[in-house]
Asker: 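One structure is given below, represented as C-alpha cells, and several questions about it will come after.
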Amino acid sequence: MSNNKQVRGQDLYLRQSSQTSFNGPCIICDGIQTPENFGAILRIADAAGCPRIILLDSALNLENRKLSRLARSCEKHLKIEHKTLDEFISIRNTFNNLFALEITSKSVNLFSTDVHQCDGVIIGHEASGIREAILSLCDGTIHLPMYGINGSMNLSHALVVFLYEWRRQQTV
C-alpha cells in the first residue's frame with residue numbers, strides 16, 4: 001500500500017513554488033458589495049496566482065472580520081486597488097485582453113474560447129451584474145454553460161471555474 005498522506009497547504013506551496021508559474025489575470029470587481037463574496041474572491045485569487053485585484057465603485061471595508069476570515073488573510077498580501085469607473089477607463093489600455101464573465105446576448109461559452117491571453121477578467125455586482133459602460137470596454141464576454149434549471153451561479157464560483165480554465169490553457 002502506498003504512503004499517500006494529505007499535504008498541508010504550506011508544504012504544497014513549497015512544492016509548487018519550484019514550478020514555473022504564470023501570474024494570473026487581474027481580477028476586476030464591478031460594484032461587489034458582499035464581504036463574504038469578496039473574501040472568497042481573495043482566496044480564489046491567491047490560489048490561482050492572481051496577485052492584483054481592482055475594486056470598481058465598491059464601498060467594501062477590507063478590515064471586515066468576515067471578509068478576512070473567509071479570505072484566510074489573503075487580503076494582506078494581494079494588491080487591492082480601489083478605482084472609480086472614470087479611473088478604470090483611463091487605465092483600460094493597460095490590458096491587452098480584457099474579458100467579462102457575464103451572461104449576455106453576445107457572450108460565448110468559456111470552454112470553446114481561447115482565454116489563455118487574458119490579462120484582466122471582470123466580474124459584476126451580485127444582483128445587477130457588470131455595468132454596460134464596463135462591458136463596452138471588453139474584448140469579449142464569456143459565460144459558463146449551465147445544465148441545471150438555475151441560470152447562473154455565485155460569482156465567486158464562476159470566477160474559480162474561469163481562472164482554472166485560464167490556468168489549464170496555459171499548459172496546453
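By convention here, the first residue in the shown sequence is residue 1.
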Asker: Salt-bridge test for D57 and R131: reply yes if a basic N is under 4.0 Å from a carboxylate O, no otherwise.
Answerer: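 The answer is yes: the pair qualifies as a salt bridge.
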Asker: Measuring from atom NZ of K106 to atom CD1 of I142, what distance do you get when rounded to the nearest 0.5 angstrom?
Answerer: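 Output value for this atom pair is 15.5 Å.
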Asker: Using 0.5 Å steps for rounding, measure from the NE2 atom of H116 to the CZ atom of R168.
Answerer: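 Between atom NE2 of H116 and atom CZ of R168 there are 11.5 Å.
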Asker: If we ignore hydrogens and angles and just use 3.5 Å, is the side chain of T104 paired with the main-chain N or O of S107 as donor and acceptor?
Answerer: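 Yes; at least one donor-acceptor contact below 3.5 Å.
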Asker: Is it the case that the side chain of R92 and the backbone of F95 share a donor-acceptor pair, with hydrogens and angles ignored and the cut-off at 3.5 Å?
Answerer: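 Answer holds: yes.
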Asker: Enter the distance from C29:SG to H82:NE2 here, rounded to the nearest 0.5 Å.
Answerer: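 Taking SG in C29 and NE2 in H82, the distance rounds to 10.5 Å.
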Asker: Does a side-chain N-to-carboxylate-O contact under 4.0 Å join E165 and R167?
Answerer: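 Result for this pair is no, no salt bridge flagged.
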Asker: Quick one: does D119's side chain have a donor or acceptor within less than 3.5 Å of a partner on P25's backbone?
Answerer: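 Judged by distance alone, no pair lies under 3.5 Å.
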Asker: Show the numbers, then the answer: is there a side chain to side chain donor-acceptor pair (under 3.5 Å) between S156 and N154?
Answerer: CA-CA 6 Å; S156 65; N154 178 282; 2.6 Å; yes
Asker: Should I91 and K83 count as side-chain neighbours, where that means a heavy-atom distance under 4.5 Å?
Answerer: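 Side chain of I91 against side chain of K83, heavy atoms only: contact under 4.5 Å found.
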Asker: Side chains of D114 and Q169: closer than 4.5 Å at any heavy-atom pair?
Answerer: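 D114 vs Q169: side chains touch.
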Asker: Indicate yes or no: at least one non-hydrogen side-chain atom of V115 is less than 4.5 angstrom from one of N97.
Answerer: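 Heavy-atom side-chain distance check fails, nothing below 4.5 Å.
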Asker: For E102 and T141, which I'm curious about, is there any donor-acceptor pair between the side chains at under 3.5 Å?
Answerer: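 Their side chains do not contain a donor-acceptor pair, so the 3.5 Å distance test is not met.
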Asker: Can you check whether K79's main-chain N or O pairs, donor with acceptor, with E81's side chain at less than 3.5 Å?
Answerer: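 It does not hold such a pair.
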Asker: Quick check for you: to the nearest 0.5 Å, what is the distance between Y164 atom OH and L110 atom CG?
Answerer: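 Atom-to-atom, Y164:OH and L110:CG are 14.5 Å apart.
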Asker: Do V121 and L159 come close enough that some side-chain heavy atom pair is under 4.5 Å?
Answerer: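 Sidechains of L159 and V121: in contact.
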Asker: Looking at I32, is its backbone amide N or carbonyl O close enough to the side chain of S58 to form a donor-acceptor pair, meaning the two atoms are under 3.5 Å apart?
Answerer: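 Indeed, once roles are kept as given, a pair shorter than 3.5 Å links the two residues.
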Asker: Only one of I41, L42, I27 clears side chain to side chain contact (heavy atoms under 4.5 Å, CB included) with L78; which?
Answerer: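 Considering I41, L42, I27, a side chain to side chain contact (heavy atoms under 4.5 Å, CB included) with L78 is found only for L42.
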Asker: Quick one: does D139's side chain have a donor or acceptor within less than 3.5 Å of a partner on L98's backbone?
Answerer: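 At least one qualifying donor-acceptor pair exists.
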Asker: Nearest 0.5 Å, please: how far is CG in L55 from OG1 in T84?
Answerer: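 Nearest 0.5 Å value for the OG1-CG distance: 12.5 Å.
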Asker: How many angstroms lie between atom CG of L56 and atom CG of D86, to the nearest 0.5 angstrom?
Answerer: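 L56 CG to D86 CG: 11.0 Å, rounded to 0.5 Å.
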Asker: Say whether, by atom type as modelled, one donor and one acceptor occur between the side chain of E126 and the main chain of T34 under 3.5 angstrom.
Answerer: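 Answer holds: yes.
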Asker: Answer whether the closest heavy-atom distance between the side chains of N109 and H143 falls below 4.5 Å.
Answerer: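 With C-beta onward as the side chain, the pair touches.
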